[in-house]
Amino acid sequence: MITARPIELLAPAKDLHCGIEAVRHGADAVYIGAPKFSARAAAGNSVGDIQALCDYAHLYDVRIYVALNTILKDDELKDAERMIRQLYDAGADALIIQDMGITRLDLPPIPLHASTQTDNCTPEKVEFLYHAGFTQIVLARELSINQIQLISERVPGVTLEAFIHGALCVSYSGRCYLSAALSGRSANRGECAQYCRLPYTWVDREGQTIADNKHLLSLKDLNRSDDLETLMQAGISSFKIEGRLKDVSYVKNVTAYYRKKLDGIFEKNPVFYRSSTGRSSFTFEPYPEKSFNRGFTSFFLHGRDADITSFETPKSLGEPIGVVKELKGNSFTIAGLKSVHNGDGLVFFNARGALEGFRVNRTEANRIFPQKMPALKPKMQLYRNYDQHFEDLLAKPSAERKIGVTIEWGIYPDGFTLTMTDETDAHIVVARSFMKEPARKPQDENIRNQLGKLGNTPFEVADMVIDTTKNYFIPSSLLNEMRREAVEKLIAVRRMRYRYRYVKKNPCKENRYFPLQKLDYTANVSNRMAEEFYKKHGVTEIEPAFETVSRNDVPLMYTKHCLRYSMGWCPVHHKKKSPYKEPFYLRYKNRQLRLEFDCKKCRMLVWNTE
């Protein structure tokens, strides 16, 4: 039986500006990087900016989660502890963490969320983390609907979070060491160099080329917009959009898109409802294909799918707009239904198979005049990865978020009253002593006009009730003064009524055993506090994190993406053998990586050969 519960749309923010726009465009929660120790080192934010975002978001009951999800060194723990206290004092609603050492620090009563970097793939792992004190757990992107359902049934008390949109890590999050090994830039330290997006040449044991200069570890982007209700029914309560390095137009467009999708589901199925207040209205129609994307996939949500890869390019394709129809001098025509605008950016795959782009200088109907004529051919597929008209719309104020209020104008013996009640039943009353004089003409229209002027406030009129038993003269100045005071008081009341979620200090039970007794380097244990955490929970052997020791005897990547499967050579699914001789290798410049296929666990491993 599905119980009624709030649903959270969780949007990314690389900075304060993006965070505010995420709230305006309908987010129920926003996640943003801490000043340090965030898994996107390039997207850190000051405590002051995070406090400003909390102040703005909390007015709409939107929660702010701070990502502090790198692994830490021993000498960084005290710094992290101080910073967490500052973030708590700034109003942060939760911390997203990977390092279990943080749980043993002297923490304020702030909720902890288990990052996807903690490799949350099994019911046993999620159940342990829940009992260890984590209130929200980000599930691995690789899980299927059935696997999510099993976790939800096993751990009914925890809030489950799932990614629904954005870039995909080809490796299980937190279990990729490719960047650390090849460049010294650790993904688990927030410095991923994205070696997965590079072009590789795939060869077999004898050096025979299987694929040349292809992005063989690059995946399409996630889009689960058609699966939202299915995910809710499976137990997901928080829907996460990837993108803490994305620009503000991406945040606006994608957040608005999922806001509309979720609201449509809530209208049909009221057992689910939004977790924040206020309604967003938009000046544009959101369309995810118009923001950065490499093509879309639902990944493994409905089982293994061959169409998850982006072998041709790691760059943004945008939206398909048609095919080249006719070439004529310095122009061409398109066979397609979508209009093209001056300034648009179009791309295509050239004769070498590389993605090539150009800008549109001007258009005449379906005839396009580029700034410089590219080497197009008839029937070539064209994509638009920059829509000038759409970006112009997003560059302007493109959304408003308003909280509905009921306004009641009343009369009392010494004057007048104004009562303002919002959609959460928070209310205030403003009373003014005023000498009553009969009015020469009806006052209703002016009362409605003056009290309804809420344009620059967080509120909008949902209903207005006016006491018409006596037609007294009421000056506009009095109405405006009372309205302004009512707005200020209701904002203050909403801030006081905001409900923080506090947790008990160190709620973890020491007798709750971790599902494994032995941990290898993929547990990412990099400090004594993390080691102590696992030992307290029955772990007897702990390997140090990859980043803390120099080693070349372990896989650098664990991925559910499988090149043999992509080629139709899977011995399990396709019942076919490869025509090439294993082991296989991926080569990039002077680097060579060896592939290993673990069919029992349905995954591919990548090793360094140096």
Side-chain angles (χ1 to χ4, degrees), residues 19-21 23-28 51-64 91 93 263 273-283 397 399-500:
I20 288 174
E21 291 301 336
V23 175
R24 284 181 180 150
H25 287 74
D28 299 305
Q51 180 170 353
L53 181 56
C54 291
D55 289 344
Y56 178 78
H58 289 171
L59 188 58
Y60 299 92
D61 297 310
V62 172
R63 301 193 178 276
I64 302 301
D93 292 285
D263 287 348
Y273 55 94
R274 63 183 303 172
S275 62
S276 63
T277 52
R279 298 283 170 178
S280 296
S281 58
F282 312 109
T283 65
E400 277 190 329
R401 184 163 182 163
K402 297 290 185 178
I403 301 165
V405 294
T406 297
I407 295 176
E408 299 173 73
W409 178 260
I411 302 170
Y412 81 108
D414 293 331
F416 304 101
T417 61
L418 171 59
T419 303
M420 192 175 286
T421 307
D422 73 13
E423 59 192 64
T424 67
D425 289 330
H427 71 278
I428 53 87
V429 179
V430 173
R432 279 287 188 280
S433 296
F434 196 82
M435 185 176 293
K436 300 185 184 73
E437 297 179 3
R440 295 179 182 178
K441 59 182 181 179
Q443 297 290 291
D444 285 20
E445 183 178 354
N446 188 51
I447 293 173
R448 290 183 182 278
N449 286 340
Q450 301 306 321
L451 296 185
K453 292 180 178 179
L454 299 175
N456 292 324
T457 76
F459 307 113
E460 65 180 0
V461 178
D463 192 17
M464 190 179 295
V465 180
I466 299 174
D467 186 341
T468 57
T469 55
K470 298 286 185 179
N471 187 37
Y472 293 119
F473 170 70
I474 306 167
S476 295
S477 58
L478 177 64
L479 292 167
N480 290 332
E481 181 183 325
M482 293 178 71
R483 183 197 70 237
R484 286 192 290 267
E485 183 177 344
V487 166
E488 290 174 1
K489 284 188 172 182
L490 188 56
I491 288 174
V493 167
R494 285 191 61 81
R495 294 197 185 283
M496 286 188 292
R497 280 167 52 102
Y498 182 76
R499 295 181 179 178
Y500 287 95

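If you read the sequence from its start, that first residue is 1, and numbering goes on from there. Please read these numbers as outputs of a predicted model, since none were measured by experiment.
Of the inter-residue distances, the one linking Ile411 atom CD1 with Thr417 atom OG1 reads 8.5 Å to the nearest 0.5 angstrom. Here the CZ atom belonging to Arg448 is positioned 10.0 Å from the CD1 atom belonging to Ile407, to the nearest 0.5 angstrom. Rounded to the nearest 0.5 Å, atoms CD1 (Ile491) and OG1 (Thr457) are 6.5 Å apart. To the nearest 0.5 Å, atom OG1 of residue Thr424 and atom CZ of residue Arg499 are 8.5 Å apart.
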Solution key, residues 458-473 side-chain donor-acceptor pairs under 3.5 Å, sequence neighbours excluded:
residue, atom, partner, partner atom, Å
Asp467, OD1, Thr469, N, 2.9
Asp467, OD1, Thr469, OG1, 2.8
Asn471, OD1, Gln443, N, 3.2
Asn471, ND2, Lys441, O, 3.3

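Minimum heavy-atom separation, Ser280 to His25: OG-C, 3.7 Å. Of all non-hydrogen atoms in His427 and Thr421, the two that sit nearest each other are CB-OG1, 3.3 Å. Residues Lys436 and Tyr412 come closest through the heavy atom pair NZ-O, 2.7 Å. Taking both residues in full, the closest heavy atoms of Leu53 and Ile20 are given as CD1-N, 3.7 Å, listed atom of the first, atom of the second, then distance. The two residues Leu418 and Ala486 come nearest to each other via the heavy atoms CD2-CB, 3.8 Å.
A heavy-atom distance below 4.5 Å is not found between the side chains of Tyr56 and Ile64. With a 4.5 Å cut-off on side-chain heavy atoms, Ile474 and Asn446 do not count as touching. Counting heavy atoms from C-beta on, the side chains of Leu451 and Met420 never come closer than 4.5 Å.
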Inset, instruction - Mind running side-chain contact (heavy atoms from CB on, under 4.5 Å) on Leu454 and Val405 for me, showing each step along the way? - result: CA-CA 10 Å; Leu454 299 175; Val405 294; 4.0 Å; yes
Inset, instruction - Let me see the working for Val430 and Glu481 under side-chain contact (heavy atoms from CB on, under 4.5 Å), right down to the final yes or no. - result: CA-CA 10 Å; Val430 173; Glu481 181 183 325; over 6 Å; no
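With sequence neighbours excluded, the residues that form a side chain to side chain donor-acceptor pair (under 3.5 Å) with Lys453 are Gln450. Scanning for side chain to side chain donor-acceptor pair (under 3.5 Å) contacts around Thr277 gives Asp61, Arg494, with sequence neighbours left out. For Lys489, the salt bridge (Lys or Arg N to Asp or Glu O under 4.0 Å) partners are Glu485, not counting sequence neighbours. Considering only residues two or more places apart in sequence or on other chains, Asp28 meets the salt bridge (Lys or Arg N to Asp or Glu O under 4.0 Å) condition with Arg259, Arg274.
The stretch residues 399-410 participates, sequence neighbours left out, in these side chain to side chain donor-acceptor pair (under 3.5 Å) pairs: Ser276-Arg401.
Judged by distance alone, with hydrogens and angles left aside, the side-chain atoms of Arg495 form a donor-acceptor pair with the main-chain N or O of Asp55 at under 3.5 Å. Of the possible polar contacts, none joining the Glu423 side chain to the Ile403 backbone as a donor-acceptor pair under 3.5 Å is found.
At a threshold of 4.0 Å, the pair Arg24-Glu21 counts as salt-bridged, since one of the basic side-chain nitrogens sits closer than that to a carboxylate oxygen.
Between Phe434 and Phe416, the ring-plane angle classifies as tilted under the 30° and 60° cut-offs.
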